[in-house]
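Working notes, structure below.
Basis for what follows: all heavy atoms, side chains included, without hydrogens, waters or symmetry-related copies. Chain identifiers are assigned alphabetically (A, B, ...) following the order of the sequence lines, protein sequences preceding nucleic acid strands; residue numbering begins at 1 within each chain.
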Amino acid sequence: MSYDHKSVDGKWQKRWMDAGVFEAKEDSSKEKCYLLVEFPYPSGDGLHVGHPRSYTAMDIVARKKRMEGKNVLFPMGWDAFGLPAENYAIKTGNHPGTFTEKNINTFRRQLQSLGFSFDWSREVNTTDPAYYKWTQWMFLEFFKAGLAYKAEMAINWCPKDLCGLANEEVIAGKCERCGTPVEKKLKSQWMIAITKYADRLLADLDTVDYLPKIKKQQEEWIGRSEGAEIDFAVDGSSEKITVFTTRPDTIFGVTYVVLAPEHPLVVLIASDEQRGAVDEYTASVKSKTDIERGDETKTKTGVCTGAYVINPANDEKVPVWIADYVLGHYGTGAVMAVPQHDDRDRAFSEAMNLPIVDRPLVSFDEAVEKTSGRKKVQYKLRDWVFSRQRYWGEPIPLVHCEVDGWVAVPIEQLPVVLPVVEKYQPSENGESPLASIDSFVNTKCPQCGGAARRETDTMPNWAGSSWYFLRYADAHNDNEFASKEALKQWMPVDIYNGGMEHTTLHLLYSRFWNKFLFDRGHVPTSEPYARRLSHGLIMSEDGTKMSKSKGNVVNPDEIVNEHGADTLRMYEMFMGPFSEPVPWNTNGVIGVRRFLDKAMKMTEKISDREDAEVTKMLHKTIVKITDDIEGFGFNTAVAQLMMFVNVVQEKGSITKESLMTFLRVLVPFAPHVANEMWENLGGEGFVEEQEWPVADASMLKDDTVEIAVQVNGKLRGTIVVGSDETEEAIVTMARADENVAKYVIDEPKKTIVVKGKLVNFVV
RNA sequence: GCCGCGGUGGCGGAAUGGUAUACGCGACGGACUCAAAAUCCGUUUCUCGCAAGGGAUUGAGGGUUCGAGUCCCUCCCGCGGCACCA
């Protein structure tokens, strides 16, 4: 006999919703706890089994914290701008919002079918004008602070779709949709000066509790290096080449200087004899895609410009080359080459038959001083390209006026709502579809009232997700993105869980965004997340990534229908360590369902008395579950719950009191089953409304312990002794063991006793 | 190439330097049944042995230690991230 999961699941989900038990309260008498999971992109495929892994884990934490008396905020929403909806719109001509809404409804139904204790009253949706009004408002804050600026940028361009592509849409150098190799195209783009925050984004990592590997990824992405800028005068010219180097101490070993092909000085200094070769080389580099350029990391190419520079340390005259191993966008786009100390310079020298000299090093400071250089800190981080020539994104709320230039749309006119368009395809020259809507584009300048044109680019996907955690604090506020009081109550997020795939960009962007708002006095903390954890991916049974094209995607609905919500929840917790990737195994699901059936049957074993073993196990279980939830060891927590039920089954009876206590540690994992049992036993209200149990320390101690007896470290027997037995008595008993005595004939050289664990005789 | 993580039964995995293989799946045997499913009981790292018990075993090889899956060194394999950042 197994329990009827369909009626049990539905019954409790309805009751939780009706009672609003999981809604966070603006109640300062309790300590707050803000638990955040990454809000999903509501794709047309519906929920993936990967989603509930993170959500269940944090749901368990949330339920436990509530029972411990915390005021918990555990919200959910939708990161709903995105390409799939736009592609769907291009294909069908329907509005992407229709598609998005349908998908959100599916996701919401699926999440609710798993009984997560989300506070649905605070649901947010990035595509809702009431939400993106504030995304636009924040962009204007960047604009007003001078951090948003326009610049010519090379963007990814698909020559077949006539369309600009985001980096994420370029797969292996090809257009994600049509497979055409992607080209570079210069376009004027809105940029946000995240590099101004590079030092703080790096330094403040010391103030947060992230997994070390996550910190490391942030550090590497920011990529700080210390060095110096040194000027090399161009021989016979007033020009100078400034290089950035982290090794000024190698200055005497410089044999040539290299410019990136896109360096502006190239055209100025190339000699007449070399000009042809230089132009040819520059053109060939331009026509290469990033991948082609990257592919050639082993064979270095370049040409001599015919110009020479003077090494400021020793007045040596060295040639100037151009080569694409030097990047235009990093440092000064120019490098002093020291083949003696740098592998890349050495490889280039060997390829071009350039000399490699052996010169002594000088100290860093001495070299900087001798060359009149400047100490300099460089970052790999680049400013954030914020424009997309796309329909399905937040319109950038600026207008361009002939007289006043770029002007912010006044706050009372926000949001700038996405207009209705005929077609969602970008235009021939790569303009956003919004550019073809005259009624949208033509407007008046808010400053002078003259004719002006609206910006038609939209924001990238990252925008809405850069601040959603703030909106949850006060999700329905029309006057502010969130009130100061609400933000003060909830921020920072106590634990933020998400995938490793978001630990560079999303994490960095949202930290930056929050810091900026902090500087403007809009949010109370400089860092948004006190703690960041990540979960491992759920792989398919063969260990590869689940994907629709391979047809190995598991639909969570099927598991819920067949075995119930609690089975899916617990299986996802049981399948392996939370932070590691684990393969899905449909066979394994059945084990969890069997456990839940056995757990349900414990209500038939109620008795006035129970075996002492059961009582002891209950208290051990309380301790183990409490610790495991704190340490995110959900798989071993589930194992412990199983062991408890196994003991009850073996002993045949349990008191009602013990069982009801057990339900309080079961409920975070299997809330439907736990509540159903609770009700069957005559419990009042919800199990979630009970206090988290505390183990009785006196119950944790065993009367007797089994002790291993080793001889020279090899196990030769076990003895059972009283837990308070003296060492002496234990050693005597150990030696008395028949099998042990065979090996310990003479007095042992040494005897090691580890209390409660083992005795080791060294003979 | 560099950095990080990992390698334990047939499978997913467990183990503050202290009885390796918990828990689950699968498999095998038994009970119940006309039969099957479900359920329950038992066995299940390999190996020698009727048994008592012995031997081997945590990717490979060394080392430290009374004792190593765990610590150290060398190497192999897998996964993830970064990748000409001067």
For residues 245-252 of chain A, which side-chain N or O atoms pair as donor and acceptor with protein atoms under 3.5 Å away, sequence neighbours left out?
{"unit_1": "A/Thr245", "atom_1": "OG1", "unit_2": "A/Arg247", "atom_2": "N", "d": "2.9"}
{"unit_1": "A/Arg247", "atom_1": "NE", "unit_2": "A/Asp249", "atom_2": "OD1", "d": "3.1"}
{"unit_1": "A/Arg247", "atom_1": "NE", "unit_2": "A/Asp249", "atom_2": "OD2", "d": "3.4"}
{"unit_1": "A/Arg247", "atom_1": "NH2", "unit_2": "A/Asp249", "atom_2": "OD2", "d": "3.2"}
{"unit_1": "A/Thr250", "atom_1": "OG1", "unit_2": "A/Arg247", "atom_2": "O", "d": "2.8"}

Write down the distance separating the P atoms in B/C79 and B/G53, rounded off to the nearest Å.
-> 45 Å
Can you name the side chain to side chain contact (heavy atoms under 4.5 Å, CB included) partners of A/Ala637, sequence neighbours left out?
-> A/Ile625, A/Asp628, A/Phe669
As its Watson-Crick or G-U partner within any shown strand, both distances under 3.5 Å, B/G69 has none
Atom C1', compared across B/G13 and B/U65: separation rounded to whole Å | 29 Å
Polar atoms only, N or O, under 3.5 Å: list the protein pairs with nucleotides 5-10 of chain B and their distances.
none

C1' atom, B/G81 versus B/G26: distance in rounded Å?
-> 36 Å
Please state the C1' separation for the pair B/A14 and B/C23 - nearest whole angstrom.
-> 7 Å
Encode nucleotides 41-46 of chain B as B, S and - characters from 5' to 3', where the letter depends on protein heavy atoms closer than 4.0 Å: B to the base, S only to sugar-phosphate, - to neither.
-> S-----
What's the base orientation of B/G17: syn (chi within 90° of 0) or anti?
-> anti
side-chain hydrogen bond (donor to acceptor under 3.5 Å, both in side chains) filter on A/Asn311, not counting sequence neighbours, yields A/Asn314
Just name whichever nucleotide pairs with B/G1, Watson-Crick or G-U, keeping both distances under 3.5 Å, else none.
-> B/C82
How would you list all residue pairs meeting salt bridge (charged side-chain N to carboxylate O under 4.0 Å, His left out) that involve residues 566-594 of chain A, not counting sequence neighbours?
-> A/Asp59-A/Arg569, A/Arg593-A/Asp597
A/Ser284: partners by side chain to side chain contact (heavy atoms under 4.5 Å, CB included), with sequence neighbours left out | A/Tyr281
Classify the ring geometry between A/Trp321 and A/Tyr256 as parallel (under 30°), tilted (30 to 60°) or perpendicular (over 60°).
-> perpendicular
Treat primed atoms plus P, OP1 and OP2 as sugar-phosphate and everything else as base, then score nucleotides 12-23 of chain B 5' to 3': B for base contact with protein heavy atoms under 4.0 Å, S for sugar-phosphate contact only, - for none.
-> BSS---BB--BB
Candidate nucleotides B/G81, B/C66, B/G55, ranked by approach to the side chain of A/Gln217 - the nearest = B/G81
By side chain to side chain contact (heavy atoms under 4.5 Å, CB included) - contacts of A/Asn585 (at least two apart) | A/Glu541, A/Tyr571, A/Asn587
What about the rings of A/Phe595 and A/Phe574, do their centers lie closer together than 6.0 Å?
-> no
Using purine N1 to pyrimidine N3 plus N6-O4 or O6-N4 for Watson-Crick, or N1-O2 and O6-N3 for G-U wobble, both under 3.5 Å, which nucleotide pairs with B/G10?
-> B/C25
Within this structure, what is the CG-to-P distance between A/Asp343 and B/A83, rounded to whole angstrom?
-> 19 Å
Go through B/C3, B/G53, B/A86 for me and flag the one nearest to the A/Lys742 side chain.
-> B/G53
Between A/Lys216 and A/Thr246, name the one whose nearest nucleotide on RNA chain B is closer to the 5' end.
-> A/Lys216
Can you name the residues that form a side-chain hydrogen bond (donor to acceptor under 3.5 Å, both in side chains) with A/Asp199, not counting sequence neighbours?
-> none
For B/A36, which nucleotide in any strand shown is its Watson-Crick or wobble partner with both distances under 3.5 Å?
-> none
Checking N1-N3 plus N6-O4 or O6-N4 for Watson-Crick, or N1-O2 and O6-N3 for wobble, each under 3.5 Å, the partner of B/U74 is B/A60
Between B/C2 (P) and A/Asp342 (CG): distance, integer Å | 15 Å
With sequence neighbours left out, the residues meeting side-chain hydrogen bond (donor to acceptor under 3.5 Å, both in side chains) with A/Trp221 are none
Quantified in whole Å, what is the P atom distance between nucleotide B/U74 and nucleotide B/C5?
-> 15 Å
Would you say the side-chain atoms of A/Thr305 pair up with the backbone N or O of A/Val320, donor to acceptor, closer than 3.5 Å?
-> yes
Pairing partner (Watson-Crick or G-U wobble, both distances under 3.5 angstrom) of B/U19 | none
Sequence neighbours excluded, which residues qualify as side chain to side chain contact (heavy atoms under 4.5 Å, CB included) partners of A/Lys755?
-> none
Expressed as a whole number of Å, how far does the C1' atom of B/U57 sit from that of B/C25?
-> 23 Å
